[in-house]
Amino acid sequence: MVWPFPLGRKARMAVFASGRGTNLEALLQAFPKGHPLGEVVLVVSDNPQALALERARRRGVEALALPWRGRRAFEAEALGLLEERRVDLVLLAGFMRLLSPGFVEVWYGRLLNIHPSLLPDYPGLGVHRRVLEAGEKETGSTVHFVDQGMDTGPILLQGRVPVLPGDTEAVLEARVLHLEHRLYPRAVALLLLGLAFPPPEGLPGLLGEEAARAFQALSPREKPLYLRAWALLRAWGKEALAGPAFLGQGGEWGRGAFLAAHLLAQDHPVLRAEVASLPEAVRREVEASLHRVESFL
Ligand code: GAR
């Protein structure tokens with residue numbers, strides 16, 4: 001299987017943003033010039049008035065407006081720019097245009113989006129209003145690989161926040177936005193470290209028939225946990241255990257991988273304590289992997 005990340009060098013990232021750009025700001029803060037994992041080298045907007053452009057310029061990052069004159073023109077220019085600037089990863093952050101299948105195909109696996117809901121629920125616009133109207137008790141945000149649909153690609157990472165009595169759209173939006181500012185940099189770090197990837201083709205050959213079937217039967221929200229566990233086993237030189245681990249037969253290495261995979265997405269005091277009960281060799285790998293990711297955030 002070809003894993004594009006880790007690159008073995010600093011990644012060059014571009015952010016596409018249409019508006020105020022608070023997620024862009026969080027990414028610029030998380031990956032400034034000189035960051036060992038990668039840096040944001042280019043910001044592109046379809047809207048010349050976007051505050052996002054101003055935020056990038058203030059931090060000395062190249063910021064270009066490609067005013068919207070239709071999808072074909074925008075994408076042709078954007079593709080040229082990404083190649084010229086030798087960009088490795090494109091991050092959509094409040095980019096409110098749909099990219100064409102041709103663009104997405106070229107960048108698949110290296111093109112992420114953030115959406116303010118627990119996908120696959122509430123794709124599209126007006127999310128917080130719809131969440132409140134439906135009486136949801138919980139909402140969140142999703143970083144996902146972009147595919148050809150709107151907010152449909154494989155999930156990389158999700159974060160959750162409660163919906164509380166008396167919440168208004170504005171309150172909920174602010175709460176989710178605050179979550180997003182932590183979630184997006186974490187998702188990018190996991191990707192750049194090779195700890196996240198979209199479900200690859202040819203799963204039966206990679207995992208075995210039964211494990212591949214078990215994986216395919218998972219819900220879209222469960223899959224990223226399994227993929228992280230797989231990536232961790234691979235990083236620990238135990239990739240042969242990925243198939244068995246998917247079937248709950250990965251022994252202590254499988255348990256360590258799933259604990260770490262969980263903790264990489266969200267801290268959990270009980271799971272942290274459980275790590276201490278793992279056999280020494282497994283515990284050491286789990287702790288080193290957790291520490292490694294945290295050290296970049
Ligand atoms: C963010 O909440 C992002 O999730 C959402 O737009 C907001 C942009 O805020 N994106 C979408 O709805 C995409 N479907 P920002 O400009 O302050 O980062």
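Only a predicted model underlies this, so the values are computations on that prediction, with no experimental measurement involved. Both counts, for ligands and for their atoms, begin at 1 and track the order of listing.
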- Can you find an N/O atom of Thr22 closer than 3.5 Å to an N/O atom of ligand 1? yes

Considering non-hydrogen atoms of the protein only, which is the closest contact for [atom], and what is the distance?
atom                    : result
atom 4 (O) of ligand 1  : Glu180 OE2, 2.6 Å
atom 14 (N) of ligand 1 : His115 ND1, 3.1 Å
atom 9 (O) of ligand 1  : Arg20 NH2, 3.1 Å
atom 10 (N) of ligand 1 : Ile114 O, 3.5 Å

- Message: Please confirm whether the ring centroid of Phe258 lies under 6.0 Å from the ring centroid of Tyr226.
- Response: yes

- Query: Does Met96 have a non-hydrogen atom less than 4.0 Å from ligand 1?
  - Reply: yes

Under a 4.0 Å threshold between the charged nitrogen and the carboxylate oxygen, would [Y] count as salt-bridged to [X]?
X      : Y      : answer
Glu287 : Arg272 : no
Glu105 : Arg110 : no
Lys10  : Asp88  : no

- Query: Should you measure from each heavy atom of Asp151, which atoms of ligand 1 turn up under 4.0 Å away?
  - Reply: 14 (N)

- Note on the structure: In ligand 1, the atoms that come under 4.0 Å of a heavy atom of Gly94 are 6 (O), 8 (C)

- Message: Just checking Glu62: does its CD atom have more than 12 heavy atoms from other residues, nucleotides or ligands closer to it than 6.0 angstrom?
- Response: yes

- Do Leu98 and Leu119 share a hydrophobic cluster (ILVMFWY, side-chain heavy atoms under 4.5 Å, transitive)? no

- Between Leu177 and ligand 1, find which residue part has any heavy-atom pair under 4.0 Å and reply side chain, backbone, both or neither. side chain

- Query: Side chain or backbone of Leu92 under 4.0 Å from ligand 1, or both, or neither, by non-hydrogen atoms?
  - Reply: neither

- Item | Full working for side-chain hydrogen bond (donor to acceptor under 3.5 Å, both in side chains) between Glu75 and Ser100 | CA-CA 8 Å; Glu75 290 185 355; Ser100 71; 2.5 Å; yes

- Between the candidates Gly21, Ser18, Ala26, Pro116, which shows the shortest non-hydrogen contact distance to atom 12 (O) of ligand 1? Pro116

